Structure formats: C-alpha cells, structure tokens
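Here is the naming used below: chain letters follow the sequence lines, and residue numbers restart at 1 for every chain. Note that the structure is predicted; figures quoted are calculated from it, not measured.
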2 protein chains.
Amino acid sequence: MTELFSPKELLRCADCPIRKRAVCAYCEPAELADLDAIKSYKTFAAGETMVWSGDVVSHFSSIVSGVATLSQTLDDGRRQMVGLLLPSDFIGRPGRGQITFDVEAKTEVTVCRFECRPFEVLLGKIPHLRERLLDMTMDDLDAAREWMLVLGRKTAREKIASFLAIVARRVLSVEGAMPERDLEFDVMLTREAMADYLGLTLETVSRQMNALKKDGVIVLEKKRAIKVPVFSRLVAETGDDTGFSF
Amino acid sequence: MTELFSPKELLRCADCPIRKRAVCAYCEPAELADLDAIKSYKTFAAGETMVWSGDVVSHFSSIVSGVATLSQTLDDGRRQMVGLLLPSDFIGRPGRGQITFDVEAKTEVTVCRFECRPFEVLLGKIPHLRERLLDMTMDDLDAAREWMLVLGRKTAREKIASFLAIVARRVLSVEGAMPERDLEFDVMLTREAMADYLGLTLETVSRQMNALKKDGVIVLEKKRAIKVPVFSRLVAETGDDTGFSF
DNA sequence: CGCGTCATTTGACACAGATCAAAGACGACT
DNA sequence: AGTCGTCTTTGATCTGTGTCAAATGACGCG
C-alpha cells in the first residue's frame, strides 16, 4: 500500500492538487483554515471497498488521487455502477448518516476526509462550503441524467464511445487543456467494471473496444492505455453531437 | 385549459397542498411571506412543452398539481425520460440560467413559480430554503441513481414492475398512507411515455403490462387505472427486495 | 350515430447482445 | 525462467427485445 501523497506533503491546503475543484473550492483562506483543522488523510488499496452499502458513515471524503466507483448490486449478483469518482469528487451526504451504494477503490485512492458532525457544523458556518456542495450535487445530478440516456437508449458501440469520451474529458480536464488530436489517457477500469458502468457484459465491451480499434477510432497500446487520433471522430461514434458535461 | 386551482384559491401559502414537501417546506411563516411576495401561478395544458432543452429559463417552478416529465432526445429521435415530476417537485437550477432537458406537461399542470433573480436573492437570505433545496437535489440524485440500476440491469418485466411500484409509492404518499392490499392508482402516462422512461419500446411495455395482468400481479381496469391486489407481490417482481426511496 | 384520431394490443420475424466455453496475454511471485 | 492467478480475447449459439405491420379499442366531435 504505497502512498502517492504522504500526509506531511498535504498538510497545507494551499498546495492541495484538488484545491480548486473540491468541496472547498469556493472557500477563502480563513475559511480553509477551519476545514484544515478537522481534516485528515486516508489511503485505500486498489480493490478495497471503502464503504459498504448501508453502512453508517463516520466521515465525508474528497478524492485526492485515484479512481473509485459507486455501485449497486441486485440480490442475484447483477451490478450497476452509478458513479465514477475521480479526484475532487465528494463522497457522503450531509444530513444523512447512511450511504446506499458501495464505494470501491479501483486504483489506490487517497482521500481528504472530515468527521461528519464537525463538517456539518462548518457547513452551517461557511456559506461558500454550502454553495459548492450544492453546485457539485447538481453537477452530479446532471451527469447521472446524461448517463440515463446512455443506459436506456444507446447501442453497445455508442455506450463504449460515450464512456471513453467522458473519461477522456474528465481525466484530461484534471490535467489541463485537452487537445483535439492524439490525446492519450488511461481507462483505469477493467473490462468488467466498464461493463458494470455501461449495462453490458464484459465480452461485449471487449468486442466493441476491438471494433473501435479496427475502425481506427482508437488505438489500444496496453489494453488500458487508450490513444485517440482524432477526438471528434470518437465523439461522432457516441450517437449525439452535443457533448457531455460530466 | 381548465384550471384545477384558480390563482385566488392559492394565494395563501398556508393552504397550499404542497406546503410540507416543496422547496418551501422548511420555511417559517415569516420566511414564507418573503416567498409569497414574489410567487405567481401558471397552468399548462396536457401535452404542452413547459421548457425546451437549451432554453434560458426566467422562472423556477414547483409543481402544485399534475404530472410533468424531464427528457432528453438524441438527434435520430431516440428519447429517454430522466425525471418524473410530481406535485412538490422543483424545476430549475439556481446558479445556472439554462436547462438541458425538455420539460413536458403530461397532464394539466399548475406550478407555483418565482423569477430567477429574486428567488436567488431569497436563497441567500433564508437558510431553510437552501437546506431544503440541497436535500431535494440529493433526493433527486439518489432517485436518478436507483433508476440507473433499473435501466442498466433489469429485464423488461422487472422494469415495468419497478416503475409501477415507484409510481404507487409516490402517488399514494402524496395522498397519505399506503395500504398493502388493494391499492389503486393511475399511471398518468401513455405506454409510449412509460417506454421512454424505461428504455423500452411501447410494444414491449404493452406486452409486459398484459403479462403482469395475466399473472394476477396487477388488475387493469381502464388501461391507465391500475389495481394492485397485493403490493408485496408487485415488489417481488421488481428484482430487488430492497424498496425504492424515490 | 358514424367518422377520425389517438392509444393500445397482437402477431411474425430479425437481430443485438447475452450466455456458455475455451484459449491467450500479462504481470507478480518464487 | 516457470507457474499461478487475473484479465482479456475470441468463437458458437441462444434469446429477449426491437422492428414492422395490421387490427382493435376508446373517445370526442360534427
């Protein structure tokens, strides 16, 4: 369980990689100090379940690095991912003790976390915190609704293309600008996890990935490492020209 | 375009049928007076589009009576409903001018609405309003995520059963207690709208409704009027015993 | 009362994606 | 370098839903 960030390196919020996008994004330095006082870091290993559905959670967390997923399971084992958590995403629901989804670390994940009660107190004290939380929740809602269109109405090929386009946008927007050509990134998920996200089987995911590769839409170098020669070509395969905001 | 509620009847918030569940639910009488001062009512005919995707909206609205839907359309006409709006549901996104979904009245709909700017000012002034809006948004997010499981992993029969169970819970919770046996309600949607909600075709919806009827899970009296002899029997058909909170 | 419109049902058939099965690939560990 | 476990690919079939088409029913209107 090696750590990408040691607690020491991160003690100062000013240096935090997610400072500008996390729940604390709107906070002034003085307000940040209040959060700083109650925060701590924790790292989870790849594959570890961070929270089980139904658990009473003790902390709210922001992902600092790594990738986690939110998912639901039916009694007979059918599984659906309902959220993809990347750096700056928030986990937990102020006002509710419970969480109704499993949260799993797909890579090693480091979170910045706050005990529920103290955080809820700050929520009452810091308007900027509330505003950011509401904005993030509304963004999540929009993303979930975009995804319902993908799940309900798109073909397997369109689902894969939509997924890759979303991941490309999100991963690369964390890093900075996104070029139209020759963009490269990693899908950090197994074919099975992609299938769970897309409402498909892993076999279908594999076949469609290879079909997109054969058609030159993507280049697969190391199974998970995707290269997209022309981004608009990928977008054209998603079925809708209107891009996602996820 | 007959009106179920005339503006006059509704002038006083204290008498409002959605007083306890709408965005104003947490407000004190004094706070309510501020909202009262900027509110107005509007009625839409069944079938009317209340907002087009991409529109810059001038008002935020709460549904007072009737049923509306939130939906997205792909270029080639494929359609997915992403929200079912019943009395007390809120339409619009403070902080964003645009809406990215079509909002359609499926029955005659009366809304209580507020101009965006004045409402946003009150949002800054009234903590109870903010809190309620955040709670409602989080409830919507949970509902959307539950629905992703339905869209991604359930069979046609399970989808129909899930839909009926959700509508039963929502419609009847507005009216009061929900009995286990012999509950009756109206699905206010056509087979086509149900199909759009469930990611199915209207033919499949029709077939599965009749299959559930043949198996005695539901009784169909007038196409849209559903009777459920034993509610738990319907829930058993949804594929998951863990009920929905929608 | 008959006509037109719209919602719904029913039937026959096709196909996308699921399922079942097996073989490769790749990395980690000894 | 070899072995084990996990992830991925590939092939052969099956099946749930979609698609196309037409009949039936429900309701308002002249």
Side-chain angles (χ1 to χ4, degrees), chain A residues 1-2 45-48 74 76-80 104 106-108 150-164 186-214 218-226 237 239, chain B residues 1-2 45-47 74 76-80 104 106-108 150-163 186-214 218-226 237 239:
Chain A
M1 207 201 288
T2 53
E48 202 172 340
L74 251 28
D76 60 0
R78 282 175 288 174
R79 228 164 192 296
Q80 178 65 47
E104 291 170 75
K106 290 294 169 184
T107 63
E108 180 179 275
V150 174
L151 287 173
R153 293 301 184 194
K154 292 199 178 178
T155 65
R157 169 181 263 243
E158 289 169 339
K159 285 180 176 183
I160 300 287
S162 300
F163 174 75
L164 293 177
D186 250 55
V187 291
M188 310 110 310
L189 305 178
T190 63
R191 301 285 122 114
E192 187 177 30
M194 287 177 62
D196 284 344
Y197 205 153
L198 296 165
L200 298 171
T201 58
L202 68 279
E203 292 96 328
T204 299
V205 170
S206 177
R207 281 187 248 265
Q208 295 297 338
M209 289 282 284
N210 289 316
L212 287 175
K213 173 183 164 190
K214 188 159 62 63
I218 59 175
V219 179
L220 279 174
E221 268 140 5
K222 286 168 44 282
K223 301 295 180 201
R224 308 272 184 97
I226 308 285
E237 295 286 352
Chain B
M1 206 200 289
T2 52
L74 252 27
D76 61 0
R78 283 175 287 175
R79 225 160 199 293
Q80 177 65 49
E104 290 170 77
K106 289 293 169 184
T107 63
E108 180 178 276
V150 173
L151 288 173
R153 293 300 184 193
K154 291 199 178 177
T155 65
R157 170 182 263 244
E158 289 169 338
K159 284 180 176 182
I160 300 287
S162 299
F163 174 76
D186 249 56
V187 291
M188 312 109 309
L189 305 178
T190 64
R191 301 283 123 115
E192 186 176 30
M194 287 177 63
D196 284 345
Y197 206 153
L198 296 165
L200 298 171
T201 58
L202 68 281
E203 292 96 329
T204 299
V205 171
S206 176
R207 280 187 250 266
Q208 296 297 339
M209 289 281 285
N210 288 316
L212 286 175
K213 174 184 166 191
K214 189 160 62 63
I218 60 175
V219 179
L220 280 173
E221 265 140 7
K222 287 166 47 279
K223 301 297 179 200
R224 309 272 183 97
I226 308 286
E237 295 286 352

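When each of A:Glu237, A:Arg157, A:Lys154 is checked for a side chain to side chain donor-acceptor pair (under 3.5 Å) with A:Ser162, only A:Lys154 meets the rule.
Between its two ends, the helix from C:dC1-D:dG30 to C:dT30-D:dA1 turns its axis by 30°, counting five pairs per end and rounding to 10 degrees.
The separation between B:Leu151 atom CG and C:dG17 atom P is 16 Å, rounded to whole Å. Rounded to an integer number of Å, the gap from CD of A:Gln208 to C1' of C:dG17 is 9 Å. Taking atom CE of B:Met209 as the reference point, atom P of C:dT9 lies 7 Å away to the nearest angstrom. For B:Lys213 and C:dT8, the NZ to P distance is 13 Å, given to the nearest whole Å. Summarising the geometry, the separation between CG on B:Leu202 and C1' on C:dC6 is reported as 12 Å, rounded to the nearest angstrom. The separation between A:Glu192 atom CD and C:dA18 atom P is 13 Å, rounded to whole Å. A:Arg78 places its CZ atom 14 Å from the C1' atom of C:dT19, with the value rounded to the nearest Å. Distance NZ (B:Lys222) to P (C:dT8): 12 Å, rounded to an integer number of Å.
Counting any heavy atom pair closer than 4.0 Å across all strands shown, A:Thr201 reaches a base atom. Residue contacts shown for B:Arg224 are limited to sugar-phosphate atoms, with no base heavy atom under 4.0 Å away. Counting any heavy atom pair closer than 4.0 Å across all strands shown, A:Gly47 reaches no nucleic acid atom.
Between B:Lys223 and C:dT9 there is a side-chain polar atom (N or O) within less than 4.0 angstrom of OP1 or OP2.
The minimum heavy-atom distance between B:Thr204 and B:Ala156, with the atom names listed, is CG2-CB, 3.7 Å. Minimum heavy-atom separation, B:Ala193 to B:Leu189: CB-CB, 3.8 Å. Contact between B:Leu202 and B:Ala195 at its shortest, heavy atoms only, is N-CB, 3.6 Å.
Sequence order on DNA chain D of the closest nucleotides to A:Leu189 and A:Arg153 puts A:Leu189 first from the 5' end. Where A:Ala156 and B:Val205 meet DNA chain C, the nucleotide closest to each residue was compared, and B:Val205 sits on the side nearer the 5' end.
For the salt bridge (Lys or Arg N to Asp or Glu O under 4.0 Å) test, no residue two or more places apart in sequence or in another chain qualifies with A:Arg191. The salt bridge (Lys or Arg N to Asp or Glu O under 4.0 Å) test applied to B:Arg78 returns A:Glu158, B:Asp76, not counting sequence neighbours.
Think of the region where chain A sits on DNA chain D: with heavy atoms and a 4.0 Å cut, that region ends 5' and 3' at D:dC7 to D:dA12.
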The test is side-chain contact (heavy atoms from CB on, under 4.5 Å); show your working for A:Leu151 and A:Gln80 and say whether it passes. CA-CA 10 Å; A:Leu151 287 173; A:Gln80 178 65 47; 3.8 Å; yes

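A distance of 4.5 Å separates CE in B:Met209 from CE in B:Met194, rounded to the nearest 0.5 Å. The CG atom of A:Asp186 sits 10.5 Å away from the CD atom of A:Glu221 when rounded to the nearest 0.5 Å. Residue A:Gln208 holds its CD atom at 10.5 Å from NZ of A:Lys214, rounded to the nearest 0.5 Å.
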What does the list of N/O pairs under 3.5 Å between the protein and nucleotides 10-14 of chain C look like, with a distance for each?
unit_1, atom_1, unit_2, atom_2, d
C:dT10, OP2, B:Asn210, ND2, 3.4
C:dG11, N7, B:Arg207, NH1, 3.0
C:dG11, O6, B:Arg207, NH2, 3.3

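Pairs engaging residues 194-206 of chain B under the salt bridge (charged side-chain N to carboxylate O under 4.0 Å, His left out) rule: A:Arg153-B:Asp196 [sequence neighbours left out].
Using a distance-only test at 3.5 Å, with no hydrogens or angles considered, a donor-acceptor pair links the side chain of B:Lys159 to the main chain of B:Leu198.
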